[in-house]
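A short worksheet on the structure shown next.
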Amino acid sequence: MNLAQFPRRGYVQEATPIEFLPNFSKALGNKVNVYIKRDDLLPGTAGGNKTRKLDFCIADALAKGCDTIITCGAVQSNHCRLTLAWSVKEGLDCHLVLEERVKNSYNPEASGNNFLFQLLGVKSITVVPGGSNMMGEMEKVAEKLRAAGKKPYIVPGGASNALGALGYVSCMEEIMHQMFEKGLNFDHMVVPSGSAGTHAGIIAGMIGNNINIPVTGIGVNRPKAVQQEAVHKLANQALELIGVEQRVPAEKVVAFDDYVGPGYSLPTDAMVEAVKLLAQTEGILLDPVYSGKAMSGLIDLVRKGYFKEGANILFLHTGGSPALYAYLDSFRK
């Protein structure tokens, strides 16, 4: 696959580490060997997976002569934090549209990413009710900015379009090279599955490179059937964009919805257990919305015997630890 045909900004200069988690694996009974891909260590304010996607999206914005970025997310959005951070780095204005997926959950005085939005100098924040047409809401902001003489570029939520998904097609190629260099062979990969771009990019990268490793997504928001359809569609769009004729078989896309709990971003006891367990065995911080719930899924699947005994499992850490500081009560019970 020729990803060099697409402009990017070079935000990812080095491969993020793949680390074995011996203490964490032991805490799970040594049934499997758990490894972690540390995309929480990616460049950008406090790191996280969106840097890979924005590498392509912001390059496209600059190529089109845009001077302003608009994007959207939930009230503690890691994607909004990183989009804002890279906009600052590039000298671009950045406007955020935040969706109150949980009613009355936006607090401008909150810690976590809310605090970082202000610290990084966001140009404006528009808060809209849960279930709003987010592309429509961002277009409203864009219209006002155009009227003021600006040239805005809209990055969809999670940077999860075909262009953004290329960030994780590239990541899968990176993982493939690391496996070869380190003599590693993974039997399974577990990824958080939210706005679909990360999961879809990993699947597209697997298909495009003929890497036959099963991927299990742990959904954090939508019902299983809806999420799997979204990931499948976007993975195929990414392959089409690259120019790969092969398409993703539907059965290759798995996204469990068993670990969402009462709703998106709402804490679960299993998430708290997962965050604490990784912190207290390996000194690695997860986040309460994505990677924490995804890890709770991995833990449960190990306990249920979903993976074969002795399997090497690679968990993709998508970052997001700043959001922990907006969930202190959940961890202090």
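Reckoned from all heavy atoms, side chains included, excluding hydrogens, waters and symmetry mates. The chain is numbered in sequence order, starting from 1.
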* Asked: Does Val128 offer a backbone N or O that forms a donor-acceptor pair with the side chain of Glu137 under 3.5 Å?
  -> no

* Is Val244 linked to Leu3 within one hydrophobic cluster, defined over Ile, Leu, Val, Met, Phe, Trp and Tyr using a side-chain heavy-atom separation of less than 4.5 Å? -> yes

* Please round to the nearest 0.5 Å and tell me the distance separating atom CG of Leu298 and atom CD1 of Ile36. => 9.5 Å

* To do: Report the relative orientation of the aromatic rings in Phe20 and Tyr35; use parallel for angles under 30°, tilted for 30 to 60°, perpendicular for over 60°.
  => tilted

* **Spacing of CD1 belonging to Ile242 relative to CG belonging to Leu163, to within rounding of 0.5 Å** => 10.0 Å

* Closest heavy-atom contact between Leu54 and Ala159? -> CD2-CB, 4.4 Å

* Any side-chain heavy atom of Ile284 sitting closer than 4.5 Å to one from Arg38? -> yes

* Would a distance-only check, ignoring hydrogens and angles, find a side-chain to backbone donor-acceptor pair under 3.5 Å from Glu100 to Tyr106? -> yes

* Structure fact -> Heavy-atom nearest pair, Cys171 first then Lys37, reads SG-CE, 4.1 Å

* Donor-acceptor pair, Arg101 side chain versus Gly131 backbone, under 3.5 Å? -> no

* Does NZ or CZ of Lys293 come closer than 6.0 Å to the centre of the six-membered ring of Phe256, within 45° of the ring's axis? -> no

* Asked: Is the CG atom of Asn2 crowded by more than 12 outside heavy atoms at less than 6.0 Å?
  -> yes

* To do: Would you name the heavy atoms of Pro192 and Thr318 that are closest together and state the gap between them?
  => CG-OG1, 3.6 Å

* Asked: Could you state the interatomic distance from CG (Asn78) to CG (Asn113), rounded to the nearest 0.5 Å?
  -> 5.0 Å

* Structure fact -> Rounding to 0.5 Å, atoms CG (Asp55) and CG (Leu166) come to a distance of 10.5 Å

* Do the side chain of Asp287 and the main chain of Ser321 share a donor and acceptor less than 3.5 angstrom apart? -> no

* Would you indicate whether the side-chain heavy atoms of Thr71 and Val97 approach each other to under 4.5 Å? => no

* Any side-chain heavy atom of Ile202 within less than 4.5 Å of one from Met189? -> yes

* Is any side-chain heavy atom of Arg247 less than 4.5 Å from a side-chain heavy atom of Glu240? -> yes

* To do: Determine, using the 4.5 Å side-chain heavy-atom cutoff (strictly less than), whether Phe6 and Tyr153 are members of one ILVMFWY cluster.
  => yes

* Asked: Taking it one step at a time, do Lys31 and Glu309 satisfy salt bridge (Lys or Arg N to Asp or Glu O under 4.0 Å)?
  -> CA-CA 5 Å; Lys31 295 179 180 179; Glu309 193 84 14; over 6 Å; no

* **Validation row: Cys66, Leu92 side chains within 4.5 angstrom (heavy atoms)** => no

* For residues Leu266 and Val260, determine if any side-chain heavy atom of one lies less than 4.5 Å from a side-chain heavy atom of the other. => no

* Asked: Do other residues, nucleotides or ligands put more than 12 heavy atoms under 6.0 Å from Glu251 CD?
  -> yes

* Asked: Could you go step by step and tell me if Lys140 and Glu143 meet the salt bridge (Lys or Arg N to Asp or Glu O under 4.0 Å) rule?
  -> CA-CA 5 Å; Lys140 290 178 186 177; Glu143 287 176 6; over 6 Å; no

* Asked: Where is the tightest heavy-atom contact between Pro288 and Tyr327, given as atom of each residue plus distance?
  -> CG-CD1, 3.5 Å

* Should Phe307 and Leu301 be marked as a side-chain contact (heavy atoms from CB on, under 4.5 Å) after you check the CA-CA gap, both sets of side-chain angles, and the distance that decides it? -> CA-CA 7 Å; Phe307 308 108; Leu301 293 173; 3.7 Å; yes

* Asked: Cluster question for you: counting only ILVMFWY and a side-chain heavy-atom cut-off of under 4.5 Å, with indirect links fine, are Leu145 and Ile58 together?
  -> no

* Phe331-Tyr290 co-clustered via ILVMFWY side chain contacts under 4.5 Å -> yes

* Asked: Would a distance-only check, ignoring hydrogens and angles, find a side-chain to backbone donor-acceptor pair under 3.5 Å from Lys53 to His79?
  -> no

* Using the six-membered ring of Tyr168, assess whether NZ or CZ of Arg52 lies under 6.0 Å from its centre and within 45 degrees of the ring axis. => yes

* **Short side-chain to backbone donor-acceptor contact, Gln76 and Ala323, under 3.5 Å** => no

* Determine whether Leu84 and Leu116 make a side-chain contact, defined as any pair of heavy atoms from C-beta on separated by less than 4.5 Å. => no

* Geometric class of the Phe315/His317 ring pair [parallel <30°, tilted 30-60°, perpendicular >60°] -> tilted

* Asked: Can you check side-chain contact (heavy atoms from CB on, under 4.5 Å) on Leu98 and Cys72, steps first, answer last?
  -> CA-CA 6 Å; Leu98 302 182; Cys72 68; over 6 Å; no

* Option from Thr216, Leu234, Val248, Val215 for which side-chain contact (heavy atoms from CB on, under 4.5 Å) with Val253 holds -> Val248

* Asked: Does a side-chain heavy-atom distance below 4.5 Å link Asp60 with Arg8?
  -> no

* **Trace of the side-chain contact (heavy atoms from CB on, under 4.5 Å) decision for Leu316 with Asp39** => CA-CA 7 Å; Leu316 177 61; Asp39 271 12; 3.9 Å; yes

* **Closest non-hydrogen atom pair, Ser25 against Val32** => CB-O, 3.6 Å

* **From Arg222, Gln227, Lys224, residue fulfilling side-chain hydrogen bond (donor to acceptor under 3.5 Å, both in side chains) relative to Ser193** => Gln227

* Asked: Are any side-chain N or O atoms of Gln228 and backbone N or O atoms of Ala225, one a donor and one an acceptor, separated by less than 3.5 Å?
  -> no

* **Stepwise side-chain contact (heavy atoms from CB on, under 4.5 Å) test for Gln178 and Leu184** => CA-CA 8 Å; Gln178 288 177 296; Leu184 290 171; over 6 Å; no

* **Rounded distance (nearest 0.5 Å) linking atom CD1 of Ile313 with atom NZ of Lys308** => 9.0 Å

* **Ile211 with Val169, same ILVMFWY side-chain cluster at under 4.5 Å** => yes

* **Check against ring pair (Phe, Tyr, Trp, His ring centres under 6.0 Å), His188 and Tyr306** => CA-CA 11 Å; His188 213 105; Tyr306 177 77; 5.7 Å; yes

* Asked: For Ser105 and Val102, which heavy atoms make the closest approach, and how far apart are they?
  -> OG-O, 2.6 Å

* Can you check whether Gly10's main-chain N or O pairs, donor with acceptor, with Gln13's side chain at less than 3.5 Å? -> yes

* Asked: What's the spacing between Asn33 CG and Leu28 CG if we round to 0.5 Å?
  -> 11.0 Å

* **Pair Asn107-Asn114, side chain to side chain donor-acceptor pair (under 3.5 Å): steps then yes or no** => CA-CA 8 Å; Asn107 175 6; Asn114 277 184; over 6 Å; no

* Could Glu139 and Lys144 be called an ion pair, given the rule that one side-chain N must be under 4.0 Å from one carboxylate O? -> no

* Is it true that atom CG of Asp269 has more than 12 heavy atoms of other residues, nucleotides or ligands lying nearer than 6.0 Å? -> no

